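Remember, predicted model here, so these are calculated numbers, not experimental data.
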Amino acid sequence: GAAAAPRDEHLEESEEEDDEEDAEEQQQAAATANDDAAKLQKWKTEQQLLLNLRSTFLSEALAKRGLPITTIADVSIADGNKPPEPTDWDCVMATEEEPKSCLYSFDAEPNSKVVA
């Protein structure tokens, strides 16, 4: 029985070291997965931006050839060219004292901005 005790202590220390190594490996794997996810998200965002730019470029080129396609000029207004128009909505702050309901989706939480 006396010889078994030191061996058991050695096994316990070895198991603790293995557990610590496993925890470190899991942390490294999680960090790598987070890095990979961030890189993938960045790549997807860049691809979406490029798609939008290419679509705009193509629309402009096709419009120059006479096709009836909306261009940047169709959706742009030079500053000062068009006066503000009155609207039946406003951006407001919903508070507990004065709750507001958003025009298109939900009853707003207190201290949130809504289009009302």
Side-chain angles (χ1 to χ4, degrees):
R7 183 172 181 188
D8 288 344
E9 286 177 17
H10 178 69
L11 287 176
E12 287 176 15
E13 289 175 5
S14 177
E15 288 175 1
E16 287 175 10
E17 290 172 1
D18 288 347
D19 289 346
E20 289 174 8
E21 288 175 8
D22 289 346
E24 287 177 21
E25 287 174 7
Q26 287 175 350
Q27 286 178 343
Q28 289 175 349
T32 300
N34 287 339
D35 288 346
D36 290 346
K39 287 176 185 174
L40 179 60
Q41 183 61 43
K42 181 180 181 217
W43 179 84
K44 285 181 178 180
T45 302
E46 289 171 350
Q47 293 305 307
Q48 185 64 49
L49 177 61
L50 290 173
L51 175 64
N52 291 342
L53 290 170
R54 290 177 184 131
S55 296
T56 302
F57 184 79
L58 179 60
S59 295
E60 296 293 324
L62 293 174
K64 285 180 184 176
R65 294 182 180 192
L67 274 77
I69 293 178
T70 303
T71 64
I72 291 175
D74 297 325
V75 297
S76 301
I77 299 170
D79 287 340
N81 260 5
K82 186 177 178 186
E85 296 177 16
T87 63
D88 62 348
W89 57 268
D90 195 7
C91 292
V92 297
M93 178 71 76
T95 64
E96 289 184 20
E97 296 81 31
E98 293 185 48
K100 302 293 182 187
S101 182
C102 188
L103 278 178
Y104 62 92
S105 66
F106 59 89
D107 289 333
E109 294 180 26
N111 301 318
S112 62
K113 294 180 182 177
V114 297
V115 175

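By the side chain to side chain contact (heavy atoms under 4.5 Å, CB included) test, Ser55 is found to be paired with Leu51, residues two or more places apart in sequence or in another chain being considered. Evaluation of the salt bridge (charged side-chain N to carboxylate O under 4.0 Å, His left out) rule for Glu98 yields Lys100 as partners, not counting sequence neighbours.
Note that CD of Gln41 and CG of Asn34 are 13.0 Å apart. Values are rounded to the nearest 0.5 Å. For the atom pair CD (Gln26) and CG (Asp22), the distance works out to 6.5 Å, reported to the nearest 0.5 Å. In this structure, the separation between CD on Gln47 and CZ on Arg54 is 6.5 Å, given to the nearest 0.5 Å. Here the straight-line distance linking atom CG of Leu53 with atom CG of Leu58 works out to 12.5 Å at 0.5 Å rounding.
Shown here for Thr71 and Glu60, the closest heavy-atom pair between the two residues is CB-OE2, 3.1 Å. Residues Thr70 and Ser59 share a closest heavy-atom pair of O-CB, 3.8 Å.
Salt bridge Lys42/Glu46: present, at least one basic N to carboxylate O contact under 4.0 Å.
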**Report entry** side chain to side chain donor-acceptor pair (under 3.5 Å) between Gln48 and Asn52, worked out
**Finding:** CA-CA 6 Å; Gln48 185 64 49; Asn52 291 342; 3.3 Å; yes
